[in-house]
Amino acid sequence: MQYVSTRDAQQQPITAAEAIRRGIAADGGLYVPQSFPAYMPPSWHNLDYRQLARDIFSLYLTDFTPTEITEIVESAYSATAFPQCVAPCVTVGGAQILELFHGPTLAFKDMALQALPRLLTHAVAKCGGGKEVVILVATSGDTGKAALEGFKDIPGCRIIVFYPAGGVSPIQEKQMLTTGGHNTAVVAVAGNFDDCQTGVKRLFADTALQQRMSAAGKEFSSANSINFGRLLPQIVYYYYGYGQMVSSGRIQPGQQIQVVVPTGNFGNILAAYYAREMGLPINRLVCASNENDVLTEVIQNGYYNRRRPFYKTTSPSMDILVSSNFERFLFEMYGRDAQACAAALQTLNETGAVQISAQAREHWQGFLLAGSAGQADAAAAIGSVFKQHGYVLDPHTAVGWQVWQQLPSTLPTLLAATASPYKFPAAVLAALGHNMPAGSAEEQLQLLSRLSGTPLPPALTELQQLPLRHSRQCAIADMGQTVTEILSL
Ligand SMILES: *Cc1c(COP(=O)(O)O)cnc(C)c1O
């Protein structure tokens, strides 16, 4: 399988290793596979997660050996990283909830970020010329810690994480600031997530900085969901979730389902779209947003407009105005016309808005729906789902639940649960009718454990004891200077 950039009119193909090593294309586009391989497991019953991951990875990583793929998959989805089932599916009311939060940082980003560093080290060994890889990450909370955990002490890699000061939950911040490892750095930026993300993109495009990097034997790469190595692992769990729906007798093999995904950067739902292209029977995809409903508008009306107020909500990982991965989806909807795709993105970047052509929109109208739910509705969903079913949703998954509830549909539903409620105890407790004074994180966790009747995840109990190891802060304009200092360039 070869990969091309969404903005390259020539469509010059490169290998998977090269696409993963580069992260983003030099023309600012994102790498996509040249085609979608068809895949159907031999049987839907009792799928083994690692076997499934091996099969699907092999179709996309044709320049990796079977031994390499086995190594990557076995260590990424080991019983140490995922002590329980990797991605269990539970029935709650009329939905099947695919729990994607059983990894080391209790959010779905572990599903990809346990695999990416391993993919990247192999990719660099194949085509990187022995340079040290410096990973730059912009995070709205969950990616940062998941990437830090994934890259911590991986030889040949360093990682620098930028997060919006005051824009992540106290637990998310503590998780990041307590990360060990000789190769990790964490920086609080005086701005919001989009500032961090734009800042990181600027660093990737800074040729002077790149020259200094190169002279010092280093090169940048990305662990953000723009890296194809992030997307690939996410395809696997949609197959796995479907298999569990078949195994539990909820659906017949081949029966169409709908997949509901609480969305931010459009990575998670894009992986579901890729699975659909590969033949997984997904009738439709539902993109759920919070108050930051830029995707709802573009999917419903074709108007992509980021000139709008930015809301900080109880689902911070979805507080996003520019969904990077939507570009990959647009590329497909434009019939793989890179020129049209590049032109739309240029208009968006220059003017802050772009009208997507009617022709492109028609392509998604049959299978992609969108809706949004505000914080109050999400909180109400957390309360009512707990009352009716004894199950505690996190605020992100609750947005998905609420949007699903608004849809008229009888299709069997797979809802992606993107975070553990233990990651957002204050918002969850408030939704359950327990308002706690700020600053008592440990009490909040204990109370949530008692209420939900589930044990506290060990990763969180340990967190209380860990010392803070990172304290860097910087202005948006100084991100380049900060990188220069950290790397002693
Ligand atoms: C990152 C994240 C999302 C959004 O996922 P995208 O792939 O960016 O759309 C939703 N929920 C949680 C908990 C997340 O961490």
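- Partner of Trp401 under the side chain to side chain contact (heavy atoms under 4.5 Å, CB included) criterion, chosen from Leu415, Asp377, Val260: Leu415.
- To the nearest 0.5 angstrom, Leu445 atom CG is 9.0 Å from Thr461 atom OG1.
- Two residues are said to be in side-chain contact when any heavy atoms from C-beta on lie closer than 4.5 Å; Val399 and Thr397 fail this criterion.
- With contacts defined as side-chain heavy-atom distances shorter than 4.5 Å, the pair Gln234/Leu100 does not qualify.
- With hydrogens and angles ignored, the 3.5 Å screen pairs no side-chain donor or acceptor of Gln255 with any backbone N or O of Pro281.
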- salt bridge (Lys or Arg N to Asp or Glu O under 4.0 Å) evaluation trace for Glu332 with Arg328: CA-CA 7 Å; Glu332 302 300 334; Arg328 283 189 165 105; over 6 Å; no
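- Rounding to the nearest 0.5 Å gives a distance of 5.5 Å between OG of Ser248 and CD of Gln96.
- For the pair Gln172 (side chain) and Ser169 (backbone), a donor-acceptor distance under 3.5 Å is present.
- Looking at heavy atoms from C-beta onward, Thr179 lies in side-chain contact with Lys145 at the 4.5 angstrom threshold.
- Residues Ser324 and Gln197 approach most closely at OG-NE2, 3.4 Å, considering heavy atoms.
- Phe329 has its ring centre less than 6.0 Å from the ring centre of Phe266.
- Nearest approach of Cys89 to Leu414, heavy atoms of both residues: SG-CD1, 3.7 Å.
- Counting heavy atoms from C-beta outward, Leu451 and His434 have side chains that approach closer than 4.5 Å.
- When atom types are taken as modelled, the side chain of Asp293 and the backbone of Ser372 share no donor-acceptor pair closer than 3.5 angstrom.
- Counting only heavy atoms from C-beta outward, the side chains of Thr296 and Gln300 approach each other to under 4.5 Å.
- Ser247 places a side-chain N or O within donor-acceptor distance of the main-chain N or O of Asn46, the cut-off being under 3.5 Å.
- Between Pro233 and Ala112, the shortest heavy-atom contact is CB-CA, 3.9 Å.
- Surrounding CZ of Phe367 are more than 12 heavy atoms belonging to other residues, nucleotides or ligands, all under 6.0 Å away.
- Nearest heavy atoms, Phe82 versus Ala76: CE1-O, 3.5 Å.
- Counting only distance, with no hydrogens or angles, the side chain of Ser452 and the backbone of Leu448 share a donor-acceptor pair below 3.5 Å.
- Taking the six-membered ring for Trp, Tyr391 and Phe386 have ring centres at least 6.0 Å apart.
- Applying the 6.0 Å contact sphere to CD of Gln464 captures more than 12 heavy atoms from other residues, nucleotides or ligands.
- Interatomic distance, Thr413 OG1 to Met245 CE, rounded to the nearest 0.5 Å: 7.0 Å.
- With Gln256 contributing its side chain and Asn283 its backbone, the two residues share a donor-acceptor pair below 3.5 Å.
- Side-chain atoms of Ser323 come within 3.5 Å of backbone N or O of Gly264 as a donor-acceptor pair.
- Ring centroids of Phe193 and Phe310 are separated by 6.0 Å or more, keeping the two rings apart.
- Across all their heavy atoms, Gln114 and Ala81 have their closest contact at OE1-CB, 3.9 Å.
- The existence of a salt bridge linking Glu68 and Arg118 is excluded, since no basic side-chain nitrogen approaches an acidic carboxylate oxygen closer than 4.0 Å.
- The six-membered or imidazole ring of Phe326 lies near that of Tyr304, with a centre-to-centre distance under 6.0 Å.
- Contact annotation: the side chain of Tyr242 never approaches that of Pro41 to less than 4.5 Å [non-hydrogen atoms, C-beta and beyond].
- Aromatic pair Tyr77/Tyr49: ring centres closer than 6.0 Å.
- Side-chain contact between Val92 and Val90: present, with at least one pair of heavy atoms (C-beta onward) separated by less than 4.5 Å.
- Aromatic ring centres of Phe424 and His396 lie closer together than 6.0 Å.
- Within 6.0 Å of atom CD in Gln252, 12 or fewer heavy atoms from other residues, nucleotides or ligands are found, so the atom counts as exposed in its surroundings.
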- Message: Between Asn265 and Asn325, is the side-chain hydrogen bond (donor to acceptor under 3.5 Å, both in side chains) condition met? List the steps.
- Response: CA-CA 6 Å; Asn265 240 331; Asn325 267 304; 5.7 Å; no
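- Using a distance-only test at 3.5 Å, with no hydrogens or angles considered, a donor-acceptor pair links the side chain of Gln375 to the main chain of Thr314.
- For the atom pair OG1 (Thr6) and CG (Asp337), the distance works out to 11.5 Å, reported to the nearest 0.5 Å.
- The backbone N or O of Leu321 sits less than 3.5 Å from a side-chain atom of Asp194, completing a donor-acceptor pair.
- Counting all heavy atoms, side chain and backbone alike, Gly383 lies closest to Leu432 at CA-CD2, 4.2 Å.
- Once rounded to the nearest 0.5 Å, the distance linking CE of Met278 with CD1 of Ile282 reads 10.5 Å.
- With values rounded to the nearest 0.5 angstrom, Asn227 atom CG is found 6.5 Å from Leu120 atom CG.
- Between Phe36 and Tyr273, the angle of the ring planes goes over 60°, which puts this pair in the perpendicular group of the 30/60° scheme.
- If you run ring pair (Phe, Tyr, Trp, His ring centres under 6.0 Å) between Phe228 and each of Tyr31, Tyr3, Phe57, only Tyr3 comes through.
- Leu285 places none of its side-chain heavy atoms less than 4.5 Å from the side chain of Val261.
- Without hydrogens or angle criteria, Ser449 side chain to Thr454 main chain gives a donor-acceptor distance under 3.5 Å.
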